[in-house]
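Heavy atoms only: backbone and side chains are in, while hydrogens, waters and symmetry mates are out. Each chain gets a letter, A, B and so on, in the order its sequence line appears, and its residues count up from 1.
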Amino acid sequence: MRMTGSRSRRLKSLARRWALAGLCLALAPCAHAAVLAPFEVAGDAIPQSLTGDKGDPARGRAIVVDRQKGLCLLCHSGPFAEQRFQGDIAPSLEGAGSRWSEGQLRLRLVDAPRLNRDTSMPSYYRIDGLNRVAPAFKGKPVLEAQQIEDVVAFLASLRETPTAQEKP
Amino acid sequence: MRAQWILPACVMLLAANSARAEIPLHERKSGAEFMSPQTQAMQADDVSNPGMLAALDGEAFWKQKAGAANKACADCHGPAEESMKGVSARYPAFNASASKPIDVQGQVNQCRSERQQAAPFRFESRELLALTTYIGLQSRGMPVSPPDDERLTLFRERGKALFNQRLGQLNFSCAHCHEDNWGRKLGSAPIPQAHANSYPIYRLEWQDVGSLQRRLRNCMTGVRAEAYSYGSPEFIELELFLAARARGMSVETPGVRP
């Protein structure tokens, strides 16, 4: 369309685009709010679901083991017998649901550096304060709100298996 | 008595200055040490090291006349075995005519333009990789020896800041992996310490020879950052810092990596 358009049409479209860019800049804080669901941090947790609903643990598991989506197993290991390559940079996800509440898991996924600024855990639900994000990922969180809830639901389901002595 | 306190005080000051623990000298390891014995053997044997083919090409280019000046590298520099010995071990160096630091590939292209009056080679072109591999080979076994040149200090410090800066959607710095977590596994791959003492390398993943800048761009893409352009000031600054960080380690060019 742009290729075949006349010179004046192209200029007009260019002007419109600049105007739009200006508008976007002016509305930047609102634009962020439109992309990310609002949430409240209480202590070391985000108690409320980002979507208002409970996530789906089966979908969450699929995200966790997906090396393009969740990327979790690059650094973590866990109870995933079928997954050959699991990292050991970060703690095992085994028993995560026994160690943390859903709200605590949610904040650790959404923005872990709030709890420890030196952590290597990425912020999965943050789009500001980042450097040189590649164009394909700019303005997008690593996971969407629904995906965060699915992963929270799955991680919360990972309970520590009782040891022999603890069994009745 | 007082002198006994000077060294510990200096060490403490240095430690307080840097945000994180740098790798102690005695724990430094070349990337080759993190590889399987098979890949190590491939690097160690010149007949099976695929990077040596690039070095052989480089030797041919060294002697080939080029440009309006119709000169070969060898016409000015003579045999590379003598004139290029130790050059890659000390580069990047400050280039007075450009008033900035320059790495070996930048130096090759400066010679192309100014001495040979030929078009500079493209980054990652077969010719540039061949020549830099051949030049690098002349330093093999020598210690990485960045020059003690005050004009480089500012650039090297900037490189250090870049190394420690978080980047991309995944928000990692180089140091997060290569200083805090070296030796651990990222997926299936052990994380090396990121010493730049073997470039250009033949990387099995690439099935080709590539420069340090290509490798750095790979990592940047991995953390979903917009990679710096080839030849950018940021890359030269990072190269300067990496050279200082690898000071004293043996040059292994051409390295083989998985």
Side-chain angles (χ1 to χ4, degrees), chain A residues 32 35-36 64-78 80 82-93 108-144 147-148, chain B residues 15-16 18-22 34 36 158-194 205 213 216-230 232-235 237-238 258:
Chain A
H32 281 197
V35 173
L36 296 189
V64 166
V65 301
D66 188 313
R67 278 150 214 275
Q68 262 75 51
K69 279 191 192 143
L71 313 152
C72 308
L73 300 190
L74 285 174
C75 297
H76 296 274
S77 61
F80 312 102
E82 83 286 3
Q83 296 293 327
R84 275 183 66 206
F85 301 124
Q86 305 186 20
D88 62 1
I89 292 170
S92 167
L93 299 177
R108 279 153 182 78
L109 276 169
V110 164
D111 198 8
R114 281 188 199 227
L115 300 167
N116 168 15
R117 61 185 285 270
D118 295 328
T119 186
S120 30
M121 172 76 180
S123 303
Y124 276 77
Y125 200 64
R126 179 173 128 190
I127 54 175
D128 55 358
L130 303 170
N131 292 313
R132 286 191 77 89
V133 176
F137 299 100
K138 212 167 253 177
K140 295 176 193 163
V142 183
L143 293 178
E144 300 294 340
Q147 295 174 310
I148 295 276
Chain B
S18 63
R20 58 184 73 237
E22 285 166 19
F34 296 88
S36 70
R158 279 194 208 145
K160 182 179 179 175
L162 291 172
F163 190 85
N164 285 290
Q165 176 172 52
R166 287 179 183 261
L167 286 177
Q169 191 199 39
L170 300 181
N171 213 19
F172 279 88
S173 69
C174 311
H176 272 124
C177 282
H178 298 290
E179 278 184 358
D180 297 352
N181 287 298
W182 63 266
R184 297 210 174 104
K185 274 194 296 186
L186 183 71
S188 60
I191 300 177
Q193 295 177 347
E205 188 184 316
Q213 293 188 12
L216 293 170
R217 282 171 62 87
N218 281 183
C219 267
M220 293 183 79
T221 307
V223 300
R224 300 182 173 175
E226 186 178 358
Y228 303 126
S229 309
Y230 282 109
S232 66
E234 288 90 347
F235 273 147
E237 289 159 10
L238 272 166

Look up atom CG in A:D118 and atom CG in B:D180, then write down how far apart they are to the nearest 0.5 Å. 8.0 Å
For A:R67 and B:G187, work out which heavy atoms get closest and say how close. NH1-CA, 4.5 Å
Between A:R84 and chain B, with a heavy-atom cut-off of 4.5 Å, which part of the residue counts as in contact: side chain, backbone, both or neither? neither
Should we say atom NZ of A:K69 is surrounded by more than 12 heavy atoms from elsewhere, each under 6.0 Å from it? no
Interface moiety of B:A227 toward chain A, non-hydrogen atoms closer than 4.5 Å: backbone
Under 3.5 Å, is there a donor-acceptor pair between the side chain of A:D88 and the main chain of B:K185? yes
Surrounding CD of A:Q68 (heavy atoms of other residues, nucleotides or ligands, distance under 6.0 Å), is the total greater than 12? no
Contact origin within A:L73 toward chain B - heavy atom pairs under 4.5 Å: backbone
Minimum heavy-atom distance between A:S120 and B:N181, given as atom pair plus value: OG-ND2, 4.0 Å
In Å, rounded to the nearest 0.5 Å, how long is the span from SG of A:C75 to CG of B:L170? 9.0 Å
When every non-hydrogen atom of B:Q165 is compared with those of A:N131, the smallest separation belongs to NE2-ND2, 3.5 Å
Is the closest side-chain heavy-atom distance between B:R224 and A:L71 below 4.5 Å? yes
Could you tell me the separation between the OG atom of A:S123 and the CZ atom of B:R166, rounded to the nearest 0.5 Å? 7.5 Å
Mind checking the OH-CG spacing from A:Y124 to B:N171? Nearest 0.5 Å is all I need. 11.5 Å
B:Q169 side chain to A:K140 backbone, donor-acceptor under 3.5 Å: yes
Minimum heavy-atom separation for B:F172 and A:P122, please, with both atom names. CE1-CG, 3.8 Å
Measure from the side-chain N and O atoms of A:R132 to the backbone N and O of B:L167, and report whether any donor-acceptor pair falls under 3.5 Å. no
Rounded to the nearest 0.5 Å, what separates atom CG in A:L74 from atom CG in B:L186? 5.0 Å
